[in-house]
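Each chain gets a letter, A, B and so on, in the order its sequence line appears, and its residues count up from 1.
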Amino acid sequence: MVARDLLGKYLVRKVGNKIIREKITEVEAYVGEHDLACHSSKGRTKRNEVMYGSPGTIYVYFVYGMYWMLNIVTENRCGAAILIRSTEHYKGPGILTRELKIDKSLNGKKLGKKNGLWIESDFKMENSKLKIIRTPRIGVSYAGEIWANKKYRFLLKTR
DNA sequence: GCAGTGATCATA
DNA sequence: ATGATCACTGCC
């Protein structure tokens, strides 16, 4: 699963001359239209349009009148994506995007240096076994018992 | 525990 | 046009 692969990698954000490099510690998987917790479960709309793009596309959306959520599309045209929930220093998806200055200008763009947001891997991390914890996803109780309880949240165990 | 906040979507 | 909902956060 792609969600696991993102854990321990570095999310790199360049804004102006500043580069922020943050280790990803928490992600959630949203696996497609059949996943009732996934935005694409209600079909294709203007908001979730970019989820139907190709892997590596950035899906950013706005919730609760204040927060941007950062997702990476993982599958070709299935409406599936990974939510990046937190990194080493930024706990929580809303704080992460606030600190990294991520907003809808990145929506629909591809990960890559030219767009100022990309993923880098750490050689040491690739060769070490990561301790990963799985739990149900956060804030998706509306999805019904079956989908709300799926263990699609992945955390890096730090000690 | 819950208020704040505004885009988005369904209903009309 | 209106109203409900929301992949959250911070303060109680």
Separation of [N] [atom2] from [X] [atom1] (nearest whole Å):
X        : N     : atom1 : atom2 : value
A:Ile95  : C:dA7 : CD1   : P     : 18 Å
A:Met69  : C:dC6 : CE    : P     : 15 Å
A:Tyr152 : C:dA7 : OH    : P     : 17 Å
A:Leu155 : C:dA7 : CG    : P     : 19 Å
A:Trp68  : C:dT9 : CH2   : P     : 15 Å
A:Phe62  : C:dT9 : CZ    : P     : 13 Å
A:Asn107 : B:dA7 : CG    : C1'   : 13 Å
A:Arg47  : B:dA7 : CZ    : P     : 13 Å

Heavy atoms under 4.0 Å, any strand shown: does A:Arg137 hit a base, just sugar-phosphate, or nothing? nothing

How would you label the contact of A:Arg98 with the nucleic acid (heavy atoms, under 4.0 Å): base, sugar-phosphate, or nothing? sugar-phosphate

Would you mind reporting whether A:Leu11 and A:Leu117 have side-chain heavy atoms less than 4.5 Å apart? yes

Please check if atom NZ in A:Lys14 has more than 12 non-hydrogen atoms from other residues, nucleotides or ligands closer than 6.0 Å. no

Any strand, both distances under 3.5 Å, Watson-Crick or G-U wobble: B:dT5 pairs with none

With both distances under 3.5 Å as the test, what is the Watson-Crick or G-U wobble partner of B:dT11? C:dA1

In terms of ring plane angle, is the pair A:His39 and A:Tyr61 parallel, tilted or perpendicular, where the classes change at 30° and 60°? perpendicular

Go through A:Tyr10 and A:Asp122 one step at a time and tell me if the side-chain contact (heavy atoms from CB on, under 4.5 Å) criterion holds. CA-CA 7 Å; A:Tyr10 286 86; A:Asp122 181 329; 3.6 Å; yes

Quick check on B:dA3: is either OP1 or OP2 less than 4.0 Å from any side-chain nitrogen or oxygen of A:Tyr64? no

How long is the gap from CE on A:Met69 to CD on A:Glu28, to the nearest 0.5 Å? 10.5 Å

From C-beta outward on A:Met66, which listed nucleotide comes closest to its side chain: C:dA7, B:dG4, C:dT9? B:dG4

